[in-house]
Amino acid sequence: FPVTIGGIHGYEYSYRSEGGVIAYGGENQRHTLLLSLSGAACSVLQWYGSAALVRALIQRFNVRVKFTRIDLALDLPGEKWKYFDAPKKVFDRLQDGRIKSVTLVDNYERQEDESGESDDWIVTGHTTYIGSRTSERFMRIYKKRLDDGTKVTRFEYELKDRYALVVGSMMLSGSLS
């Protein structure tokens with residue numbers, strides 16, 4: 001982790017790597033610590049235990065814990081779900097009015113010709129958004145190609161404020177496994 005003086009988001013210092021960011025310091029941040037981990041970093045941390053990592057960071061930097069946002073993701077391989085249609089099928093099933101905001105968006109990729117240039121765009125899939133992006137709970141379902149080339153349907157659940165606090169506290173206590 002190379003340290004960056006000046007930090008990010010108002011923090012005085014930050015450590016950055018491919019796996020995420022740790023930022024700390026600064027009176028404006030009231031002795032908090034920002035911990036942002038990528039999905040790949042979280043996978044690596046499974047053997048160590050994310051709760052143990054957070055407890056170690058709290059002790060090292062002498063900070064209090066406040067969870068403001070937690071993103072949970074579940075990847076299902078393409079063989080188990082109809083890869084292209086899963087977000088659209090979920091969208092179609094949710095049109096009964098029980099959920100206030102459900103949106104279906106087409107995903108596009110540029111279609112290149114033999115010369116490598118083209119302005120043609122093709123629909124490569126869909127993303128379904130459930131809820132409002134600004135609410136405390138928000139879900140998106142979309143297709144994704146992982147770094148190893150595996151095609152998956154990703155279900156992302158974004159929790160903020162009180163929902164993030166409850167789930168984060170459960171993670172720290174070990175009651176969420």
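Along the sequence shown, the residues carry numbers beginning at 1.
Residues T68 and A164 approach most closely at C-CB, 3.8 Å, considering heavy atoms.
Both V167 and F67 sit in one connected hydrophobic cluster of ILVMFWY residues. Membership requires side-chain heavy atoms under 4.5 Å apart, directly or through other members. A single hydrophobic cluster is not seen to contain both L72 and L165; linkage of ILVMFWY side chains at heavy-atom distances under 4.5 Å, directly or through other members, places them apart.
From D75, atom CG reaches atom NZ of K143 across 14.0 Å, with rounding to the nearest 0.5 Å. From E158, atom CD reaches atom CD1 of I70 across 11.5 Å, with rounding to the nearest 0.5 Å. Distance check, rounded to the nearest 0.5 Å: OG1 of T127 to NZ of K144 gives 11.0 Å.
A side-chain contact (heavy atoms from CB on, under 4.5 Å) with D161 is found for exactly one of E136, R69, R137, namely E136.
Side-chain contact check for R154 versus R140: every heavy-atom pair is 4.5 Å or farther apart. The closest side-chain heavy-atom distance from V166 to L159 is not below 4.5 Å. Contact check for K160 versus F138: no side-chain heavy atoms found under the 4.5 Å cut-off.
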